[in-house]
Amino acid sequence: MDMSTDTSTAVDTDAPPFRYGAALATEIERRWQDRWEREGTFHTPSRPGPDAGEKVYLMDMFPYPSGSGLHVGHPLGFIGTDVLGRYLRMNGRTVLHTMGFDSFGLPAEQYAVQTGTHPRTTTEANIRRYKEQLRQLGLAHDDRRSVATTDVEFYRWTQWIFLQIYNAWYDPEQQRARPIAELEAEYAAGRRGPWAELSRVEQRQVIDGHRLAYISEAPVNWCPGLGTVLANEEVTADGRSERGNFPVFRRSLKQWMMRITAYSDRLVADLDRLDWPDSVKAMQRNWIGRSEGAVVRFATATGSGALADIEVFTTRPDTLFGATYMVLAPEHPLVSSLTPLEWPEGTDERWTGGSSTPALAVEDYRFEAGRKTDLDRQENKQKTGVFTGAYAVNPVNGREIPVFVADYVLMGYGTGAIMAVPGQDQRDWDFAAAFGLPIVRTVDPGDWEGEAFTGDGPAINSANEEISLDGLGVTEAKRAITDWLVARGDGEAVTQYKLRDWLFSRQRYWGEPFPIVWDADGLPVGLPDSELPVELPEIDDYSPKTYDADAADTEPEPPLSRNEEWVVAELDLGDGTASYRRETNTMPQWAGSCWYHLRYLDPDNTERFVDPDIEKYWLGADPSKPGDPGGVDLYVGGVEHAVLHLLYARFWHKVLYDLGHLSSEEPFRRLFNQGYIQAFAYTDARGTYVPAEEVVEAAEGGFTWNNEPVRREYGKMGKSLKNVVTPDEMCERYGADTFRLYEMSTGPMDVSRPWSTRDVVGSQRFLQRVWRNLVDEHTGETRVVDTEPDVDTLRALHKAIAGVHTDYRALHYNTAAAKLIELNNHLTRSGTAVPRSVAEALVLMMAPLTPHVAEELWSRLGHPETLAYAPFPVADERYLVADTVEYPIQVNGKVRSRVTVAADATPAEVEAAALADEKVAAALGGKDPRKLIVVPGRLVNVVV
RNA sequence: GCCCCCGUAGCCCAACCGGCAGAGGCAGGCCCCUUAAAAGGGUUCGAGUGCGGGUUCGAAUCCCGCCGGGGGCACCA
């Protein structure tokens, strides 16, 4: 038996000429696709007229057009949004739906490096291929609105938006981005600090330090194997590149950053206003990592005796009385200056790392810590560290506590320093245990037995002459101690975020060039709009300089830097013609996807990235829903973009909103994660993948290929796993409608499921049966009759109509399909010709799922116009209520009998009927029921 | 280690606010059509809902604890 594909190509020479098979389906599909295109059936006006139906903006996460084309897993979401769009259109809504391409990216560039083919050539060929593959699926897209991020006319506006961000700063008072000119004006007016006395260059540096897109010399993720730097989001938990799986090193390099951290608070808070899956919201919250706490300053003295403060961040200021030591990250700037010349008298041997002086101990430790990769740190959670030789003063009790250096404290989070409270923090407990440090409990653990107690409880051991926390719960204690610290000037309430600024430059060719040049002072200058677009120049070698994957000490060298002719630009930027050097980094792949939802709305606008009125119409907040942030009405895509694309796009959208370019506050009002189509793959004894379609299931269980046993695994569909099935094959063997119906019937949209070619035939059979019920397979004439359907048929019809509405709206296409099959089965079983009214309703209900065959049947039924805008059937309530209802009668929860009563019977009547039933009476055995529950329309339960 | 999601028939999946466990498809059995075959027609079989408790008149559904699978985060103070 063939497991994954049915390779038999039956030559049905005897099949009737008008049987709905692959050949007829294909002919119908081509014809209707041509007609939809010719007539512009799915063109949506950017500014619909006053009598247009309520607007709906549907979007799919646009694909990267890879060289291998689509497999059957890719279009699952695309078909899903298409079904909904078609359904909504038939219900009078004005639907905007199109498809674009996220076409900058690594594979085209790597292919270019190997073959010398320009990435644009490869990319455009791939896009053409994708468009053909998508067209044959019959997706109702407005093809005039399609964009690709690599189109010069598209990335011109990506660059324009970059300049908006570059020319803006975040005003923490107003909690929004403002034009940089307003900041400059405030400085010039002397309201923000020194200005007039600064040189022009110094003034520019001050301003540049506030921009939302800025240059920073900071530790970044340098990936020598790829020859580029990467964003935090592109680095996996074990310190490797998401693409290519190369080691990633922390290096201090000069790079472009985006100040996404300015928006941390709003990015978290506005999640509450979005209709998104909880899992994605949780991932974003987690990634942003908002935590509330306090900064506390501990007085200390440097090695030379000068006074200094160590600032720590803590989420548990309530445990301050239990802070028995402090820890600085190895990279902390205070470490060197704190270290005294000698170990203090009586220093514990465990604390010195075996060194004769603190300076040597610290130096050794820092060296060792620097050699460790993130992975080493993760794998080995043994606490290590050395004493700096310095002490700090706990502000609550004046006690001197030792200051350590340890790599379990990270420079990148909080202040890079902690107060250690072993009683309430397991990491601190572990360290304290290893180094023999005192442990003071400040939260009463009750009868809990264990090490650090992180739960809630009354504070203990937490009082001095001015304040006592004893007896307070954690929350109240936090508030009390924070107020006390603030009053004494020893601390502040502070909110911390894990989110880091977004590293925005890449050393690659195939990306958007920055609209930035560098002047003679070595400072960046944003180009004026008139200089846009900055087009990618032709170059000989597309590859960045890559290195041995482990060569951490190498430098990035972008490909664009090698075209000196392009790099040097003579421009007049207001101060007369001068020579500038162009920025040679390019933007990351995420740039285009941050705003393509805006360009779809107004793709041909040459004056603006999107017309404000058009944006307001399609994305504006819904005034009838309080708190609605606006955005795309439904955005469908995979969950893998939860913290990359979806976070970046929200950030850009908010900046553009702040600057007054948009009326909506969020890009995607509702998000839906579709499941994946996965597939079985098979390996032979050597572990090599064998073609999945040739594998057969052995009678005794197990699987064989060429009579050799093979092992089955389950996962992705991919070339290397030899288990790819393409939509092209499916369209050829069954037709697009069958393929669409199959994908939609196998489960609800959000569920992942295995591909099974063997099962596709079920969908084909259904369409064939519908066709046969309406069309004579021998003559092609319709078989419907102009008689009134009988009551049973009307009931079946209206039940289907009512159910299908609910299902389509809820994206439960599998159950919608089941109801249509059920209705058709009813028509088949009735054995008589199908009444026209029923046939037409069935065809209209099928149209969202299987549009081509529905159009064909609709036209054969005598309707010359497309059914794309035909009214969707409406259920007649009269046929939804039955005359009689059969009630199951439970006795103590077990069904013992059934009675049939009038549908409008009162509960008392139902009760009487139930008690009158013989079997119930028998089950009662003469006893009186203790309780009797009648659930109207459902059942009766008698309790004895 | 923490957080999120999911376990229903051989397989994919239904089951509304807790109310008769089954809508649909695949596979299987049987019958019909057929010289034969199936991507034909018909019919039929099939689980007590991962396991153990609890709440309830009543639990696939709610609660608790396990087991299994998937995903995210991870020395984040």
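Computation of the quantities below employed the complete heavy-atom set of this structure, encompassing side-chain atoms and omitting hydrogens, waters and symmetry-equivalent molecules. Every chain is numbered from 1 and lettered A, B, ... according to where its sequence line falls, protein lines coming before strand lines.
- Minimum atom distance to the side chain of A:Ala22 is reached by B:A39, of the listed B:A77, B:G40, B:A39.
- Looking at which nucleotide of RNA chain B each of A:Asn814 and A:Val643 is closest to, the 5′-most match is held by A:Asn814.
- Atom CZ in A:Arg758 sits roughly 12 Å away from atom P in B:C11 (whole-Å rounding).
- In this structure, A:Asn673 does not reach the B:G71 phosphate: none of its side-chain N or O atoms is under 4.0 Å from OP1 or OP2.
- Taking atom C1' in both B:A27 and B:G70, one finds a spacing of 26 Å when rounded to whole Å.
- One interatomic measurement links the two molecules: CZ of A:Phe766 to P of B:G25, which rounds to 10 Å at whole-angstrom precision.
- Look at B:A39: it lacks any Watson-Crick or wobble partner with both distances under 3.5 angstrom.
- Note: CG (A:Leu644) to C1' (B:G72) measures 12 Å, nearest angstrom.
- Comparing atom distances between the A:Ile933 side chain and each of B:C57, B:A77, B:C75 picks out B:C57 as nearest.
- Side-chain atoms of A:Asp265 and A:Tyr497 include a donor-acceptor pair closer than 3.5 Å.
- A:Val761 comes within 4.0 angstrom of the backbone, heavy atoms only, and of no base.
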Could you walk me through whether A:Met730 and A:Thr757 satisfy the side chain to side chain contact (heavy atoms under 4.5 Å, CB included) test, starting with their C-alpha distance in whole Å, then the side-chain angles of each, then the deciding distance to 0.1 Å, before giving a yes or no? CA-CA 9 Å; A:Met730 289 302 108; A:Thr757 300; 3.9 Å; yes
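- Donor-acceptor pairing under 3.5 Å, judged by distance alone, is present between the side chain of A:Asn941 and the base of B:C57.
- Of the candidate nucleotides B:A14, B:A77, B:G41, B:A77 has the atom nearest to the side chain of A:Leu410.
- A cation-pi arrangement is absent between A:Lys383 and A:Phe431 under the rule of less than 6.0 angstrom and at most 45 degrees off the ring axis.
- Glycosidic conformation, B:G69: anti, with the torsion outside 90° of 0.
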Please step through salt bridge (charged side-chain N to carboxylate O under 4.0 Å, His left out) for the pair A:Arg290 and A:Glu292, ending with a clear verdict. CA-CA 7 Å; A:Arg290 183 192 152 99; A:Glu292 289 183 31; 2.6 Å; yes
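- Rounded to an integer number of Å, the gap from CG of A:Leu767 to P of B:G24 is 17 Å.
- Taking 90° from 0 as the syn/anti boundary, the base of B:C51 is oriented anti.
- Between A:Arg753 and A:Leu76, the shortest heavy-atom distance links the atoms NH2-CD2, 3.9 Å.
- A cation-pi arrangement is not found for A:Arg712 relative to A:Tyr682, the charged atom failing to lie both closer than 6.0 Å to the ring centre and inside a 45° cone about the ring normal.
- Using atom P as the reference point in both B:A37 and B:G25, the two lie 25 Å apart (nearest Å).
- Of the nucleotides present, B:C67 is the one that pairs with B:G7 by Watson-Crick or G-U wobble criteria, both distances under 3.5 Å.
- The side chain of A:Val943 lies closest to B:C57, out of B:C12, B:C57, B:C73.
- Comparing B:C4 with B:A9, their P atoms are spaced 27 Å from each other, to the whole Å.
- Each of B:C75, B:G25, B:G19 was ranked by its minimum atom distance to the side chain of A:Tyr408; first place goes to B:C75.
- Taking the P atoms as reference points, B:C26 lies 11 Å from B:G42, given to the whole Å.
- When the options A:Tyr742, A:Phe680, A:Tyr676 are evaluated for a ring-ring contact (aromatic ring centres under 6.0 Å, His included) with A:Trp755, the one that passes is A:Tyr742.
- Between B:U61 and B:U49, the two C1' atoms lie 10 Å apart (nearest whole Å).
- The distance between atom CE of A:Met283 and atom P of B:C76, rounded to the nearest whole Å, is 20 Å.
- Residue A:Pro748 is in sugar-phosphate contact alone, with no base atom involved, counting any heavy-atom pair closer than 4.0 Å across all strands shown.
- Contact annotation: A:Arg316 does not reach the phosphate of B:A77 (side-chain N/O to OP1 or OP2, under 4.0 Å).
- For A:Thr815, counting side-chain heavy atoms from C-beta on, the closest listed nucleotide (B:A27, B:C12, B:A23) is B:A23.
- For B:C57, the paired nucleotide is B:G19, the pair qualifying as Watson-Crick or G-U wobble because both relevant distances are below 3.5 Å.
- When distances are taken from the side chain of A:Arg769 to each of B:G42, B:G58, B:C12, the shortest belongs to B:G42.
- Of the residues near RNA chain B, A:Ser279 and A:Ser763, the one whose nearest nucleotide (by heavy atom distance) lies more toward the 5' end is A:Ser279.
- For A:Ile821, taking side-chain heavy atoms from C-beta onward, the closest of the listed nucleotides B:C26, B:G24, B:A77 is B:G24.
- Whole-Å rounding puts the A:Asn825 CG to B:U43 P distance at 9 Å.
- Comparing B:G72, B:C12, B:C76 against the side chain of A:Thr746 picks out B:C12 as the nearest.
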Hey, mind stepping through A:Tyr887 and A:Thr900 against side chain to side chain donor-acceptor pair (under 3.5 Å) and telling me if it holds? CA-CA 6 Å; A:Tyr887 279 84; A:Thr900 300; over 6 Å; no
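- Side-chain proximity of A:Val409 to the nucleotides B:C13, B:A77, B:G42 is greatest for B:A77.
- In this structure, A:Gln890 reaches the bases: a heavy-atom distance under 4.0 Å links it to at least one base atom across the strands shown.
- Nucleotide B:A77 holds its P atom 13 Å from the CZ atom of A:Arg290, rounded to whole Å.
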